Amino acid sequence: MVRLKKPLVRRIMRNSHNLPEMQQLTDPDFDLFLRDPHAVLLKYQNLVEVIVVNCIQSGMFPLEQKRDIIQSVNLHLLEKTDAIKEQYGGTSLFRTYLSAIIRNTCLILCAQVGRRPIPVRALTEYDGDPAEPVDRYSIQLARRLFRAILPQFGRHLPKLIICMKLRLRKGLTEEDIRAWWPRCSPRDLGRLLEKFGNEYQNVNEKQVYAFVSPFFIAAEGKVTGEAAIRKWTVLQLEHIADVLNSAIPGSDFDIQSVELLFEDYFFPFLLRE
Amino acid sequence: MSNTKRLFTDIGHLNDEGVALFVDALKLHTVAQLPADVRDHVADCTDCKKNITGVFAVVRNEDYSLLSQHPYLILNRTARRRAAGATWRIAAAIGGVALASALIYYLVARNSEGNIRQSEHVTQESARESVAVAAPELAPQAAHTEQYAAAFTPSPEYESLVETGTRSFSISEVRPANGSTNQGIGIVFSWKASPQKALQVVVMDNTGAEVWVSTRSLPPIAGVRKLMGGLYYWKLTDGEEAVHVGKFTVR
């Protein structure tokens with residue numbers, strides 16, 4: 001358990017939009033790193049190994065090079081000791097910050113070696129049969145990362161949820177609508193829930209967007225058409241695929257596989273690991 | 001000027017520390033606590049999402065659940081209550097200083113003027129004391145209200161799971177009813193299942209932290225943990241998968 005010192009006044013006066021003016025909160029691991037970087041690296045050898053193994057599983061390095069890669073990462077970290085001491089500001093956990101440094105080091109080493117990652121089977125090749133020998137690593141990793149990507153959309157997330165539910169013909173909830181359109185009138189809320197509150201598979205895409213377009217205009221306060229809503233949704237799907245492919249080197253996520261991840265997100269028992 | 005600048009590179013993207021902070025927030029389900037400019041930038045930046053997701057991928061199996069404190073993020077309701085309690089202590093200290101100042105002023109004024117003027121000062125100082133004692137209460141009250149309200153904020157992740165189930169199970173007549181308001185003690189969990197089998201109740205707060213887990217048994221199951229005011233999600237599980245997800249509030 002990490003116990004950190006914290007001045008009481010600073011903790012109380014912290015504003016969520018600003019960081020504290022002075023860094024008075026210190027991570028004991030960073031304190032140790034300042035005095036004895038070797039001791040911290042020794043303590044975090046398990047973390048280094050976990051990250052290198054992750055990189056190997058994603059195809060960045062062959063398994064037989066594991067020890068060599070770990071040695072190279074350690075050497076790189078020791079060379080960067082001064083830079084780490086200078087650049088770490090104490091806002092995040094030191095171990096997470098070090099994880100970011102280690103991952104970046106692995107990416108640099110991978111680029112230097114010039115290895116082509118082993119392709120990971122795309123999600124759409126999995127037909128949902130739990131009896132089939134499945135690529136559990138791919139599915140488990142994809143689901144975890146997808147659920148980590150969604151919160152990163154921040155203020156766009158409520159709109160993304162609405163657009164994806166409409167695209168996949170999933171029922172909208174009052175919470176969905178209010179999160180996207182806080183000032184939605186009871187009348188508009190009622191109309192949206194009446195039309196889209198339950199699944200509506202028999203409504204085609206054109207009808208869906210034609211009905212919902214005026215509500216988007218009212219919610220966003222700007223003129224937006226059906227094509228713009230559809231285009232924005234596809235763009236977000238492409239972004240998510242792009243992020244997943246970057247996080248899992250060698251993978252081949254596309255719009256269809258991201259849609260499947262959304263289906264799983266809305267109905268979490270769809271993909272059995 | 002906001003000092004979140006140290007979380008960004010010269011070209012306006014998150015640096016390693018900014019990425020690490022965001023990953024911490026994802027691991028600890030506290031993304032809403034991040035600085036607004038960090039959240040707003042990441043919402044619009046695919047490159048930063050790639051970096052964040054890449055680091056998250058390598059630490060996804062690291063256990064952060066035992067973490068009690070973080071340099072920036074407030075971790076759980078206990079920590080928020082500690083902060084609220086500390087706010088009251090500071091407010092009491094400020095009130096004490098104000099009271100002492102008023103008393104000194106009163107004593108000085110009493111020594112320098114006549115009885116009639118003294119009674120006027122007493123009246124005025126009493127009013128000041130009342131204001132000095134009352135004013136600090138607004139600050140902790142506002143902070144307490146804000147923290148109390150945060151406990152009712154829906155979780156986007158869990159909201160989408162509410163009232164979902166599994167194909168292999170049929171669940172009906174679930175109590176507490178979805179969205180119901182309950183007292184913090186004595187909540188009884190009941191359901192009808194087909195096939196009927198012993199299930200486990202898991203209750204989570206709106207940050208996803210587990211606050212109570214029952215043993216696996218047939219319904220009804222009485223919740224024995226006193227819950228503070230807030231929004232809670234709960235699931236029935238057979239040990240392998242969640243067969244029902246619901247939510248309720250405690251006031």
Side-chain angles (χ1 to χ4, degrees), chain A residues 1-4 6 8-9 11-12 16-19 21 23 25 27 47 50-51 54-55 87-93 95-97 99-104 141 144-145 147-158 161 173 175-176 179 239 242-244 246-248 265-269, chain B residues 2-4 6-7 15-27 31 33 35-37 39-40 42-44 46 48-62 64 66-72 83 86-87 90 143 154 156-157 159-162 164-167 241-242:
Chain A
M1 184 183 297
V2 176
R3 299 201 67 84
L4 307 173
K6 60 179 191 298
L8 186 61
V9 174
R11 189 85 170 159
I12 302 307
S16 64
H17 298 286
N18 291 289
L19 294 174
E21 291 300 328
Q23 182 215 326
L25 194 58
D27 190 317
L47 180 65
V50 164
I51 294 174
N54 268 300
C55 294
Q87 291 165 10
Y88 175 66
T91 311
S92 64
L93 292 173
R95 69 172 168 174
T96 312
Y97 178 76
S99 301
I101 302 292
I102 295 169
R103 175 184 170 261
N104 290 341
L141 182 57
R144 291 287 299 275
L145 296 190
R147 279 159 171 76
I149 290 170
L150 287 185
Q152 296 176 51
F153 277 86
R155 64 184 186 281
H156 302 311
L157 182 61
I161 296 295
T173 66
E175 287 84 359
D176 292 336
H239 282 158
D242 199 10
V243 173
L244 284 168
S246 170
I248 311 175
Y265 180 72
F266 295 141
F267 184 71
F269 310 103
Chain B
S2 166
N3 57 359
T4 55
R6 70 181 189 217
L7 297 176
N15 59 20
D16 287 336
E17 180 143 22
V19 168
L21 178 62
F22 210 112
V23 171
D24 283 345
L26 286 171
K27 292 284 291 181
V31 173
Q33 292 185 33
D37 50 356
R39 284 184 279 121
D40 289 344
V42 173
D44 294 326
T46 303
C48 283
K49 286 193 186 76
K50 288 179 182 178
N51 282 333
I52 291 166
T53 307
V55 175
F56 181 89
V58 298
V59 299
R60 68 187 186 277
N61 292 323
E62 291 286 299
Y64 281 41
L66 296 181
L67 198 65
S68 62
Q69 297 177 47
H70 186 278
Y72 181 78
T87 306
I90 292 173
E157 180 181 354
E159 281 294 319
S160 62
L161 297 177
V162 170
T164 55
T166 177
R167 295 173 185 151
E241 60 184 358

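Keep in mind that what you see is a predicted model, and the values were worked out from it rather than measured. Chain A is the first sequence line, chain B the second, and so forth, proteins listed ahead of strands; every chain is numbered from 1.
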*Asks:* For A:Phe153, is the NZ or CZ atom of B:Lys49 found under 6.0 angstrom from the centre of its six-membered ring and inside 45 degrees of the ring axis?
*Replies:* yes

*Asks:* In terms of heavy-atom proximity below 4.5 Å to chain B, should A:Arg103 be classed as side chain, backbone, both, or neither?
*Replies:*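 The side chain, not the backbone.
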
*Asks:* If you count heavy-atom pairs under 4.5 Å with chain A, which of B:Val42, B:Val19, B:Asn61, B:Thr53 comes out on top?
*Replies:* B:Thr53

*Asks:* What part of B:Tyr64 is in contact with chain A, defined as an atom under 4.5 angstrom from a non-hydrogen atom: side chain, backbone, both or neither?
*Replies:* both

*Asks:* Tell me, side chain or backbone of B:Asn51 under 4.5 Å from chain A's heavy atoms, or both, or neither?
*Replies:* both

*Asks:* Closest approach of B:Thr4 and B:Pro35, non-hydrogen atoms and distance?
*Replies:*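 That would be CG2-CB, 3.6 Å.
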
*Asks:* Which atom names give the shortest non-hydrogen contact between A:Tyr88 and B:Glu17, and what distance separates them?
*Replies:* C-OE1, 3.4 Å

*Asks:* Please classify the contact of A:Glu175 with chain B as side chain, backbone, both or neither, using a heavy-atom distance under 4.5 Å.
*Replies:* side chain

*Asks:* Taking A:Arg155 first and then B:Asp44, would you say they form a salt bridge - that is, a charged N and a carboxylate O separated by under 4.0 Å?
*Replies:*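 Salt bridge flag = yes for B:Asp44 with A:Arg155.
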
*Asks:* Pick whichever of B:Asp40, B:Val23, B:Val59, B:Val31 has the most heavy-atom pairs under 4.5 Å with chain A.
*Replies:*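 Sorted descending by pairs with chain A, the first entry is B:Asp40.
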
*Asks:* Checking heavy atoms, do the side chain of A:Asn104, its backbone, both or neither come under 4.5 Å from chain B?
*Replies:* side chain

*Asks:* What pair of heavy atoms forms the shortest contact from B:Arg60 to B:Lys27, and how long is it?
*Replies:*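 Closest approach of B:Arg60 to B:Lys27: O-NZ, 3.0 Å.
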
*Asks:* Taking atom CZ of A:Arg144 and atom CZ of B:Phe56, what is their separation to the nearest 0.5 Å?
*Replies:* 5.5 Å

*Asks:* Rounded at 0.5 Å granularity, tell me how far CD1 in A:Ile102 sits from CG in A:Leu47.
*Replies:*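 Spacing of CD1 (A:Ile102) from CG (A:Leu47) equals 4.5 Å.
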
*Asks:* Checking A:Leu244 against chain B: side chain, backbone, both or neither under 4.5 Å from a heavy atom?
*Replies:* neither

*Asks:* Among A:Ser99, A:Ser246, A:Pro158, which residue has the highest count of heavy-atom pairs closer than 4.5 Å to chain B?
*Replies:*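 Maximum pair count with chain B is reached by A:Ser246.
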
